[in-house]
Amino acid sequence: MANNYYERVFEVTASIPFGRVSTYGAIADYLTLGSARMVGWALNKSFSTKTGVPAHRVVNRKGELSGRGHFPSPTMMQELLEQEGVIIDNNKVRDFDALLWNPSKELA
DNA sequence: TAGTTGACGACGG
DNA sequence: TCCGTCGCCAACT
């Protein structure tokens, strides 16, 4: 079990199934962080502290790829998701409600 | 040590 | 239903 809150975010993020997506709020709620912004912080640090964290599977509550600007390439996030079969429409996840993976519901 | 920032979310107008 | 504002908490400068 990770000690730092962001390492827990890494674990939850890594638990997101292939081809599915999750939200900052869902992860924050599962880890009882109190703020979804903490998840964004953790994923941001994931680039410098850890590799292999599928941060592209985490989007905001509306299904928008709000984190794409923090990837090496703005289109990288979309391309990674499309490789997993997730359809991106106008920077939003299509069928977002169906693809949404809720950790507090799936892991609990 | 204190102020500002940040990949968000909920609520009110 | 859509837009704007406030709150959240840790890290960085």
Side-chain angles (χ1 to χ4, degrees):
Chain A
M1 191 59 178
N3 295 321
N4 297 323
Y5 84 91
Y6 47 83
E7 289 187 356
R8 294 200 228 175
V9 173
F10 298 161
E11 290 182 352
V12 175
T13 304
S15 299
I16 300 174
F18 186 92
R20 301 289 297 278
V21 297
S22 190
T23 69
Y24 302 98
I27 295 173
D29 184 62
Y30 174 71
L31 297 177
T32 61
L33 292 178
S35 178
R37 308 187 88 152
M38 300 296 94
V39 179
W41 251 117
L43 292 180
N44 191 354
K45 293 191 67 170
S46 73
F47 281 101
S48 58
T49 58
K50 289 211 174 191
T51 56
V53 180
H56 59 279
R57 292 179 188 158
V58 185
V59 297
N60 68 8
R61 139 182 139 73
K62 292 184 290 187
E64 299 173 338
L65 307 188
S66 55
R68 69 194 136 96
H70 294 263
F71 279 79
S73 172
T75 59
M76 181 178 172
M77 189 173 187
Q78 175 176 340
E79 291 176 358
L80 288 171
L81 285 170
E82 289 180 337
Q83 286 177 10
E84 299 186 1
V86 179
I87 306 301
I88 305 302
D89 186 24
N90 196 22
N91 291 326
K92 289 185 188 175
V93 178
R94 183 176 292 181
D95 295 329
F96 172 64
D97 190 58
L99 293 174
L100 177 60
W101 183 82
N102 197 323
S104 59
K105 180 178 170 185
E106 306 287 341
L107 290 179

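As a basis for the values below, the full set of heavy atoms in this structure was taken, side chains included, without hydrogen atoms, waters or symmetry mates. Protein chains get the first letters and strands the later ones, always in sequence-line order, with residue 1 at the start of each.
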Inset, instruction - Would you classify A:A55 as touching base, sugar-phosphate or nothing, given that sugar-phosphate means primed atoms plus P, OP1 and OP2, and contacts are heavy atoms under 4.0 Å? - result: base

Inset, instruction - Go ahead and name the base partner of B:dA7; Watson-Crick or wobble counts if both distances stay under 3.5 Å, otherwise write none. - result: none

Legend entry - Between C1' of C:dG7 and CG of A:D29, the distance in whole Å: 16 Å

Inset, instruction - Would you mind reading off the distance between A:R61 atom CZ and B:dC8 atom P, rounded to a whole angstrom? - result: 13 Å

Legend entry - Shared hydrophobic cluster for A:I16 and A:Y6 (ILVMFWY, side-chain gaps under 4.5 Å): yes

Legend entry - Nearest-Å distance for atom pair CZ/C1', residues A:F10 and B:dA7: 13 Å

Inset, instruction - Specify the separation, in whole Å, of atom CD of A:E64 and atom C1' of C:dC2. - result: 13 Å

Legend entry - A:M76 reachable from A:V21 in the ILVMFWY side-chain graph, under 4.5 Å edges: yes

Inset, instruction - Taking atom types as modelled, find out whether A:N60 and A:E64 have a side-chain donor-acceptor pair closer than 3.5 angstrom. - result: yes

Measure all distances between protein nitrogen or oxygen atoms and nitrogen or oxygen atoms of nucleotides 8-11 of chain C, and list the pairs falling under 3.5 Å.
{"from": "C:dC8", "atom 1": "O2", "to": "A:S35", "atom 2": "OG", "distance (Å)": "3.0"}

Inset, instruction - Tell me, yes or no, whether the heavy-atom count around A:R20 atom CZ, taken from other residues, nucleotides or ligands under 6.0 Å, exceeds 12. - result: yes

Inset, instruction - Determine whether the side chains of A:E79 and A:Q83 contain a donor N or O and an acceptor N or O closer than 3.5 Å. - result: no

Inset, instruction - Begin with the C-alpha distance, continue with both residues' side-chain angles, and end with the deciding distance and a verdict on salt bridge (charged side-chain N to carboxylate O under 4.0 Å, His left out) for A:R57 and A:E84. - result: CA-CA 10 Å; A:R57 292 179 188 158; A:E84 299 186 1; 2.9 Å; yes

Inset, instruction - Give A:N60 one of three labels, base, sugar-phosphate or nothing, depending on what nucleic acid heavy atoms sit under 4.0 Å from its own. - result: sugar-phosphate

Inset, instruction - Determine: side-chain N/O of A:T23 to OP1/OP2 of B:dC8, distance under 4.0 Å, yes or no. - result: no

